[in-house]
*Asks:* 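Starting off with a structure, shown below.
In what follows, every heavy atom counts, from backbone to side chain, and hydrogens, waters and symmetry copies are set aside.
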Amino acid sequence: MKLRLSTDEMLSQWRMRRALEPLRSDCTVERIDGIDLDSFLLMEMKDWYLNLLDTAPIHLLTLTDIASKVSPSKNKDLSVTIHLPQGCRRVIELALDCSPVPIKITTADTPLALCQQNPFSRSGTVSPIAIHSHGNLTIYAGNDDFNIVKLLCVMEPDNGFYELDEAALSLISQLP
């Protein structure tokens with residue numbers, strides 16, 4: 001089940017799964033020299049969540065179709081570049097109206113991406129690819145006359161919210 005947790009709700013889950021709650025209520029201790037534990041936990045929790053968005057299996061995350069929110073721009077080499085919106089962490093799936101096959105998505109440091117620099121080894125209509133690099137998605141589909149049907153991405157949610165599958169909570173380790 002997909003969850004959308006506020007920061008307070010996620011912090012509560014984090015504390016429970018890290019064995020910091022429930023608090024003992026049968027005694028009282030006061031200290032004035034302690035650390036701000038919640039600030040430390042919030043920072044640790046945010047780092048864990050961003051890593052989860054970048055590396056977790058897709059079924060543990062919430063995907064967003066942003067096809068209607070992007071505007072492609074044509075390049076001289078018949079490729080098309082899409083400037084991805086702020087907060088786009090990963091591109092998962094791309095579908096074009098001109099291609100019956102799925103578009104392979106890769107990063108700029110792969111051999112397949114390097115082949116796109118040469119017009120003789122560049123992908124075309126038979127096996128289009130897209131390169132995700134520095135907030136842009138460059139599509140090599142053999143022509144630049146197509147529409148984007150679907151663009152599924154992992155997006156960083158609004159500030160203060162955590163969107164994930166309930167099963168992802170089990171990835172929170174008990175020990176720091």
Side-chain angles (χ1 to χ4, degrees), residues 1-5 7 10 13-14 43-173:
M1 176 172 70
K2 300 290 182 185
L3 301 174
R4 181 175 168 92
L5 303 173
T7 302
M10 184 65 179
Q13 287 286 331
W14 193 263
M43 181 178 57
E44 185 181 53
M45 186 173 70
K46 181 75 171 179
D47 291 345
W48 174 86
Y49 182 65
L50 293 178
N51 184 56
L52 183 82
L53 293 179
D54 292 341
T55 62
I58 301 306
H59 71 277
L60 297 176
L61 305 172
T62 301
L63 301 180
T64 306
D65 188 355
I66 62 168
S68 62
K69 298 177 185 173
V70 296
S71 343
S73 58
K74 298 178 180 182
N75 301 321
K76 292 178 183 176
D77 62 355
L78 295 180
S79 67
V80 172
T81 300
I82 298 170
H83 301 288
L84 299 170
Q86 189 76 4
C88 180
R89 304 290 298 190
R90 287 163 64 183
V91 178
I92 304 302
E93 184 179 343
L94 172 65
L96 307 176
D97 63 353
C98 69
S99 176
V101 297
I103 312 307
K104 181 169 178 65
I105 300 168
T106 188
T107 56
D109 57 350
T110 62
L112 182 60
L114 294 174
C115 287
Q116 306 316 302
Q117 295 175 1
N118 185 329
F120 299 107
S121 62
R122 188 171 295 149
S123 293
T125 54
V126 175
S127 60
I129 74 155
I131 301 171
H132 184 201
S133 175
H134 305 298
N136 293 324
L137 190 67
T138 305
I139 304 166
Y140 295 91
N143 66 55
D144 58 6
D145 188 26
F146 56 78
N147 293 316
I148 299 169
V149 177
K150 184 184 346 180
L151 181 55
L152 288 180
C153 297
V154 175
M155 301 292 293
E156 194 173 328
D158 302 331
N159 195 17
F161 286 96
Y162 294 81
E163 294 179 358
L164 62 156
D165 192 273
E166 191 173 11
L169 293 174
S170 68
L171 300 175
I172 300 171
S173 65

*Asks:* Please examine the side chains of L152 and I58, heavy atoms only from C-beta on, and report whether any two atoms are closer than 4.5 Å.
*Replies:* no
*Asks:* Does CG in D47 sit with more than 12 non-hydrogen atoms of other residues, nucleotides or ligands closer than 6.0 Å?
*Replies:* yes
*Asks:* Quick one: which of T62, D158, L164 gives a side-chain contact (heavy atoms from CB on, under 4.5 Å) with R4?
*Replies:* D158
*Asks:* Can you measure from SG (C153) to CG (L137) and round to the nearest 0.5 angstrom?
*Replies:* 7.5 Å
*Asks:* Which atom pair, heavy atoms only, marks the closest approach of A113 to A108?
*Replies:* CB-O, 3.8 Å
*Asks:* I would like to know whether K46 and Y162 meet side chain to side chain contact (heavy atoms under 4.5 Å, CB included); could you show each step before the answer?
*Replies:* CA-CA 9 Å; K46 181 75 171 179; Y162 294 81; 4.0 Å; yes
*Asks:* With side chains defined as the heavy atoms from C-beta onward, is the minimum distance between V101 and P128 less than 4.5 Å?
*Replies:* yes
*Asks:* Would you say that I148 contacts L96 through its side chain, given a criterion of any heavy-atom pair below 4.5 Å between the two side chains?
*Replies:* yes
*Asks:* Using distance alone, with no hydrogens and no angle criterion, decide if T81 and N75 have a side-chain donor and acceptor under 3.5 Å apart.
*Replies:* yes
*Asks:* What is the distance from atom CG of D77 to atom OG1 of T138, rounded to the nearest 0.5 Å?
*Replies:* 8.5 Å
*Asks:* For K104, look at atom NZ and say whether over 12 heavy atoms of other residues, nucleotides or ligands are found less than 6.0 Å away.
*Replies:* no
*Asks:* Given 3.5 Å as the limit, does a donor-acceptor pair link the side chain of D65 with the main chain of L151, or not?
*Replies:* yes
*Asks:* With side chains defined as the heavy atoms from C-beta onward, is the minimum distance between R90 and L61 less than 4.5 Å?
*Replies:* yes
*Asks:* Testing the basics here: between S170 and A167, what is the closest heavy-atom pair and its distance to 0.1 Å?
*Replies:* OG-O, 2.7 Å
*Asks:* Please report the C-alpha distance between D54 and R89 in whole Å, then the side-chain angles of each, then the deciding distance to 0.1 Å, and finally whether the salt bridge (Lys or Arg N to Asp or Glu O under 4.0 Å) criterion is met.
*Replies:* CA-CA 6 Å; D54 292 341; R89 304 290 298 190; 2.6 Å; yes
*Asks:* Quick check: closest heavy atoms across A130 and I103, and the distance to 0.1 Å?
*Replies:* N-CG2, 3.8 Å
*Asks:* Determine whether more than 12 heavy atoms belonging to other residues, nucleotides or ligands lie under 6.0 Å from atom CG of D145.
*Replies:* no
*Asks:* Calculate, to the nearest 0.5 Å, the distance between atoms NZ and CG belonging to K2 and L63 respectively.
*Replies:* 6.5 Å
*Asks:* Between S123 and Q116, is any pair of side-chain heavy atoms under 4.5 Å apart?
*Replies:* yes
*Asks:* Any side-chain heavy atom of L171 sitting closer than 4.5 Å to one from L60?
*Replies:* yes
*Asks:* Give, for atom CG of L52 and atom CD of E163, the distance between the pair rounded to the nearest 0.5 Å.
*Replies:* 12.0 Å
*Asks:* Side-chain contact test, heavy atoms from C-beta onward, threshold under 4.5 Å: evaluate it for H59 versus D165 and give yes or no.
*Replies:* no
*Asks:* At their closest point, which heavy atom of S73 faces which heavy atom of H83, and how far apart are they?
*Replies:* OG-NE2, 4.3 Å
*Asks:* Mind listing the closest non-hydrogen atom pair of Q86 and M155 along with its distance?
*Replies:* O-CE, 3.9 Å
*Asks:* Just by modelled atom types, is the D97 backbone N or O under 3.5 Å from a matching donor or acceptor in the N147 side chain?
*Replies:* no
*Asks:* Report the distance from atom NE2 of H132 to atom OG1 of T106, rounding to the nearest 0.5 Å.
*Replies:* 11.5 Å
*Asks:* What is the distance from atom CD1 of I172 to atom CH2 of W48, rounded to the nearest 0.5 Å?
*Replies:* 4.5 Å
